[in-house]
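Just so it is clear, the structure is predicted and the values come from calculations on it, not from any experiment. Proteins come first, then strands; the chains are lettered A, B, ... in the order of their sequence lines, and each starts at number 1.
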Number of protein chains: 2
Amino acid sequence: MNFEAVTIKDIARELGISPSAVSKALRDSHEISPKTKGLVLECAQRIGYKPNPMAQSLKRGKSKSIGIVVSTIDNQFFSQVINGIESVAHNNGYNVIITQTNESFELEKLNVQHLTFRSIDGLLISLSTETKNIDHLKDLHKKGLPIVFFDRTSDEIETHKVIADNFNGAYEATVQLIKAGYRKIAHITSSVNVSITTERLKGYQLALEENNIELNEKYIKYCLHGGKDLAEIEHALSELLFSDDRPDALFTASDRITTTTLALLHKLKFKIPDDIALLGFTNTQLAAVLNPSLSSVYQPGIEMGKKATEMLISMIESKRPVTEFETVILPTQVFIRDSSKPVGVIS
Amino acid sequence: MNFEAVTIKDIARELGISPSAVSKALRDSHEISPKTKGLVLECAQRIGYKPNPMAQSLKRGKSKSIGIVVSTIDNQFFSQVINGIESVAHNNGYNVIITQTNESFELEKLNVQHLTFRSIDGLLISLSTETKNIDHLKDLHKKGLPIVFFDRTSDEIETHKVIADNFNGAYEATVQLIKAGYRKIAHITSSVNVSITTERLKGYQLALEENNIELNEKYIKYCLHGGKDLAEIEHALSELLFSDDRPDALFTASDRITTTTLALLHKLKFKIPDDIALLGFTNTQLAAVLNPSLSSVYQPGIEMGKKATEMLISMIESKRPVTEFETVILPTQVFIRDSSKPVGVIS
DNA sequence: TTGAAAGCGCTAACAG
DNA sequence: CTGTTAGCGCTTTCAA
């Protein structure tokens with residue numbers, strides 16, 4: 001509720017002119033005399049007039065709000081992205097409606113539906129790990145809803161996308177492990193459904209290939225729910241750790257998986273990196289003070305949020321339908337710390 | 001924009017009845033025959049009718065959205081709180097508008113103003129560290145805007161509040177340090193302005209007092225921006241570490257301060273807990289895998305968000321003005337880990 | 001340059 | 001039980 005319930009009519013009455021004149025004056029229309037404009041502006045200021053956004057929205061058919069779909073906000077990477085989204089949106093007079101899928105396809109559909117009920121002007125989405133089919137988005141896209149994908153995208157819709165350089169991040173990370181002397185490098189990753197999994201996998205594979213290390217399929221473990229369930233990571237990890245051919249290094253592909261893996265290795269009393277090295281994607285600012293300090297691939301979360309929102313708003317506000325789309329790839333940074341120290345070096 | 005632009009009129013036309021009848025049928029009014037209701041519902045379903053929330057809001061004078069003010073979303077504790085807020089709000093058909101103050105009083109005022117422009121039905125706020133004066137909220141409160149404080153509250157407005165048991169958390173934490181053999185316990189805390197600082201300070205003081213340890217004012221360091229600036233924590237810390245009477249333990253009072261202190265101690269090559277012990281408020285799930293594993297006071301962030309939102313929505317939807325207010329205090333949990341191991345014990 | 005009037009989609013008082 | 005009408009606050013023709 002707007003508690004400054006001063007309307008255009010109040011100004012009109014005060015000045016003895018018509019509401020429509022006031023409206024025009026406030027919008028700085030050319031068909032209003034400078035004198036009247038001055039009076040209106042002064043009066044609006046004086047009696048504390050604030051436009052009612054709901055009335056404007058109803059009239060204009062725009063809600064000035066954008067919907068966000070992420071897996072969960074309680075995650076370093078996504079909270080940074082949302083931080084970025086929020087700042088750009090706010091600066092442009094938009095507010096954001098955040099919804100969480102918890103990696104569930106059903107919840108993703110429900111959330112998208114809920115958002116359209118709320119009359120959003122555009123959608124920013126990072127797909128859930130369960131999502132294979134995006135018909136729920138195709139329909140909306142066809143009807144003209146501006147959509148920008150970030151992080152976990154889909155090829156099935158042509159629109160703007162913003163991702164981190166997952167390929168290079170993974171490539172670089174794997175190369176660093178190889179340089180440090182590890183050869184049996186396992187990869188614990190998210191669901192095959194999501195784009196980031198494929199991109200990271202490719203980087204990992206190329207690094208191995210270039211270094212003449214044969215790919216061992218048993219070293220690649222997928223977590224269908226992106227590590228949401230502790231059990232799936234526990235399962236993947238124990239298959240790796242208690243196999244005949246235990247890997248000497250782990251390359252983990254997401255924030256949740258990386259930190260959970262670290263915690264599990266602790267619990268299992270594995271020494272890092274002596275028993276097994278660890279390097280993973282994570283955006284935690286605590287990487288340097290973990291035990292051991294954690295080698296990591298960092299994604300520019302805030303920038304990703306900002307860029308995606310800028311693109312979305314430009315689509316929303318574009319006069320003519322946008323037909324040229326862009327996929328922005330933001331650089332990742334690899335930090336080498338103790339958890340991937342060279343083999344055989346005693347600290 | 002609602003891309004399912006089917007309106008009540010479409011149903012009315014389809015069925016050859018009046019829009020108001022349709023409206024009433026949809027709202028299950030008693031003055032509509034079951035037969036008509038059935039027809040309307042079926043037709044609504046069939047042609048994909050979705051109510052336009054902006055029109056409803058305009059009519060009802062309610063926006064079904066609530067405003068949130070926090071220092072920054074990119075912080076474990078607050079992102080957990082927002083997670084809780086979001087889930088309850090969403091379940092009750094509300095959406096949330098998040099704004100961040102970055103601990104700035106000016107931004108807090110601006111955000112609150114912005115939120116009222118956006119016609120929020122209620123406000124959830126955790127004050128910035130800079131905030132001493134809350135006239136910007138008093139005005140709104142007087143005009144009838146439902147407000148619920150969480151985390152950092154103010155006595156100057158009588159309304160619902162939800163806080164963690166800061167007093168007990170701090171008391172318990174300090175007692176644990178004393179039990180472990182530490183006697184020179186310093187306290188690095190946030191700004192004196194915010195409620196949590198006082199509450200935590202009191203717990204700290206009582207623990208010392210009960211154990212006949214004299215309070216040393218020099219051991220209490222305030223960070224006016226809650227640790228937003230690295231420099232202020234650096235400054236506080238070096239005053240403590242390089243004084244004649246260096247403390248043997250640190251009790252830090254917020255997420256940011258705790259993790260930054262840990263990082264700085266690392267940088268300065270201080271051994272924890274041998275050179276100095278550390279125990280602090282933090283909500284990071286990584287506490288157990290930090291180096292060393294970090295003793296911590298954990299606040300129920302998600303619950304805090306949920307509870308605050310439930311209270312706010314009950315105020316918003318209350319038929320009569322609410323006059324009985326409650327301050328809910330949620331328990332904190334203290335986890336003792338290696339960073340506060342008993343003095344003299346070699347691991 | 002200004003004003004009257006219609007209408008965005010929905011609801012509610014009042015008639016019928 | 002159903003329809004007519006007016007109006008939430010604002011914008012936008014169109015007419016004056």
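With B:Phe117 as the aromatic partner, A:Lys50 does not meet the cation-pi criteria of under 6.0 angstrom to the ring centre and within 45 degrees of the ring axis.
A salt bridge is absent between A:Glu303 and A:Lys306; no separation between the charged side-chain nitrogens and carboxylate oxygens falls under 4.0 Å.
Nucleic acid contact class of B:Ile8 (heavy atoms, under 4.0 Å, all strands): sugar-phosphate only.
Within residues 19-46 of chain B, the residues approached by DNA chain C to less than 4.0 Å at the level of any non-hydrogen atom are B:Ser20, B:Ser23, B:Lys24, B:Arg27, in residue-number order.
Overall bending of the helix from C:dT1-D:dA16 to C:dG16-D:dC1, expressed as the angle between end axes built from five pairs apiece, is 50° (10° steps).
No side-chain donor-acceptor contact under 3.5 Å links B:Arg13 to the backbone of B:Ser18. Looking at A:Ser191, its side chain does come within 3.5 Å of a backbone N or O of A:Thr129 through a donor-acceptor pair.
In this structure, the CD atom of B:Gln56 is 16 Å from the C1' atom of D:dG7, given to the nearest Å.
Protein chain A touches strand DNA chain C; the 5'-most and 3'-most nucleotides with an atom under 4.0 angstrom of its non-hydrogen atoms are C:dT1 to C:dG9.
Of the N and O atoms on the side chains of B:Ser128 and B:Glu103, not one donor lies less than 3.5 Å from an acceptor on the other residue.
Ring-plane geometry between B:Phe150 and B:Phe78 is classed as perpendicular, the angle between the planes exceeding 60 degrees on a 0 to 90 degree scale with a lower cut at 30.
Within the 4.5 Å cutoff, side-chain heavy atoms of A:Ile17 are placed close to those of A:Thr36.
Between A:Arg60 and D:dT11 there is a side-chain N or O to OP1 or OP2 distance below 4.0 Å.
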Got a list of side-chain donor-acceptor pairs under 3.5 Å for residues 134-141 of chain B, not counting sequence neighbours?
{"residue": "B:Asp135", "atom": "OD2", "partner": "B:Asn133", "partner atom": "ND2", "Å": "3.4"}
{"residue": "B:His136", "atom": "NE2", "partner": "B:Glu108", "partner atom": "OE2", "Å": "2.9"}
{"residue": "B:Lys138", "atom": "NZ", "partner": "B:Glu156", "partner atom": "OE1", "Å": "2.8"}
{"residue": "B:His141", "atom": "NE2", "partner": "B:Glu158", "partner atom": "O", "Å": "3.4"}

Show me the side-chain donor-acceptor pairs of residues 80-88 of chain A shorter than 3.5 Å, one per line, residues at least two apart or across chains.
{"residue": "A:Gln80", "atom": "OE1", "partner": "A:Asn283", "partner atom": "ND2", "Å": "2.8"}
{"residue": "A:Gln80", "atom": "OE1", "partner": "A:Tyr298", "partner atom": "OH", "Å": "3.3"}
{"residue": "A:Gln80", "atom": "NE2", "partner": "A:Asn283", "partner atom": "O", "Å": "3.3"}
{"residue": "A:Asn83", "atom": "OD1", "partner": "B:Gln100", "partner atom": "NE2", "Å": "3.1"}
{"residue": "A:Glu86", "atom": "OE1", "partner": "B:Gln100", "partner atom": "NE2", "Å": "3.2"}
{"residue": "A:Ser87", "atom": "OG", "partner": "A:Gly84", "partner atom": "O", "Å": "3.0"}

Please list, one pair per line, the donor and acceptor atoms closer than 3.5 Å that link side chains of residues 318-328 of chain B to other protein atoms, with sequence neighbours excluded.
{"residue": "B:Ser318", "atom": "OG", "partner": "B:Arg320", "partner atom": "N", "Å": "3.4"}
{"residue": "B:Ser318", "atom": "OG", "partner": "B:Arg320", "partner atom": "O", "Å": "2.4"}

